[in-house]
Amino acid sequence: MAVLRAAGNLKQQFPRDDEYRLMLRSIVDVNLCKFLSQDIALFRGIISDLFPGVDLPEADYGDMEAAMRDATAEANLQLAPYFKLKVGWAS
C-alpha cells in the first residue's frame, strides 16, 4: 500500500514523467531503507530484472542532506552512507 501511495504522490508531482520510472522510484524509496546492507545488492538486481532498461536518476535530497549533516554533527556522529540509506536517503 505504501508503494502505491508513494507512486501516486510522485505522479501528482511529475505528471509527465514515465510511469515505469515513477513506479521504480516509489519501490526503491519505500523499500530500500528496510534492507540490511548485504541484501541491497540483491534488491538492486531484482529491481533491474523487473524494470529492464529503466534508468533511475538520482533523487534530489539536498534539504534532507543538510538537515542530516547538522543533526549528526550535533550528536557527534558521522554521516556514513549506510546511515543515510537507513533514514531514507537512498544515494
Side-chain angles (χ1 to χ4, degrees):
M1 191 70 160
V3 172
L4 293 176
R5 285 190 192 121
N9 289 337
L10 286 173
K11 185 64 176 173
Q12 287 178 345
Q13 289 177 342
F14 307 103
R16 294 195 172 128
D17 279 10
D18 179 42
E19 289 186 1
Y20 287 112
R21 185 176 290 168
L22 295 177
M23 182 56 72
L24 179 56
R25 168 62 61 202
S26 64
I27 290 171
V28 169
D29 286 351
V30 169
N31 291 301
L32 192 61
C33 62
K34 298 175 184 177
F35 290 105
L36 300 174
S37 60
Q38 60 266 29
D39 296 331
I40 293 173
L42 177 62
F43 175 71
R44 291 189 190 272
I46 292 169
I47 290 297
S48 67
D49 289 344
L50 292 173
F51 294 89
V54 178
D55 185 30
L56 189 61
E58 288 293 322
D60 180 19
Y61 295 116
D63 292 339
M64 186 174 182
E65 178 183 3
M68 286 175 57
R69 287 191 196 283
D70 293 343
T72 53
E74 186 176 307
N76 200 25
L77 298 172
Q78 292 181 343
L79 187 56
Y82 187 66
F83 181 72
K84 292 186 280 187
L85 176 72
K86 292 309 282 185
V87 295
W89 175 26
S91 59

| request: In sequence, state the C-alpha distance, the side-chain angles, and the governing distance for L10 and M23, and then conclude on side chain to side chain contact (heavy atoms under 4.5 Å, CB included). | output: CA-CA 8 Å; L10 286 173; M23 182 56 72; over 6 Å; no

| request: Assess whether side chain to side chain contact (heavy atoms under 4.5 Å, CB included) is satisfied between I27 and F51, documenting all intermediate values. | output: CA-CA 11 Å; I27 290 171; F51 294 89; 3.8 Å; yes

| Worked verdict on R5 versus V30 for side chain to side chain contact (heavy atoms under 4.5 Å, CB included) | CA-CA 10 Å; R5 285 190 192 121; V30 169; over 6 Å; no

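Counted within 6.0 Å of CD on Q78, heavy atoms from surrounding residues, nucleotides or ligands total 12 or fewer; the atom is thus considered open. Applying the 6.0 Å contact sphere to CG of D63 captures no more than 12 heavy atoms from other residues, nucleotides or ligands. Annotation for E74: atom CD does not count as buried by contact number, only 12 or fewer foreign heavy atoms lying within 6.0 Å.
Grouping the Ile, Leu, Val, Met, Phe, Trp and Tyr side chains by contacts below 4.5 angstrom, directly or via other members, places L22 apart from V54. The hydrophobic clustering, which links ILVMFWY residues whose side-chain heavy atoms are closer than 4.5 Å, places Y20 and V28 together.
Rounded to the nearest 0.5 Å, atoms CG (D70) and CD (E65) are 10.5 Å apart. The line from CZ of F35 to CZ of R44 is 10.5 Å long, rounded to the nearest 0.5 Å. Taking CG of L77 as the reference point, atom CE of M68 lies at 10.5 Å (rounded to 0.5 Å). For the atom pair CG of N31 and CD1 of I40, the computed distance is 12.0 Å after rounding to the nearest 0.5 Å. Atom OG of S26 sits about 7.5 Å away from atom CG of L4, to the nearest 0.5 Å.
When side chains are defined from C-beta on, R21 counts as touching L56, because their heavy atoms get closer than 4.5 Å.
Using a 4.5 Å cut-off between side-chain heavy atoms of Ile, Leu, Val, Met, Phe, Trp and Tyr, M1 forms no hydrophobic cluster with any other residue.
Using a 4.0 Å cut-off between charged side-chain N and carboxylate O, R25 and D29 make a salt bridge.
Smallest separation of non-hydrogen atoms from S48 and G45: OG-O, 2.8 Å. The minimum heavy-atom distance linking L36 with Y82 is given by the pair CA-OH, 3.6 Å.
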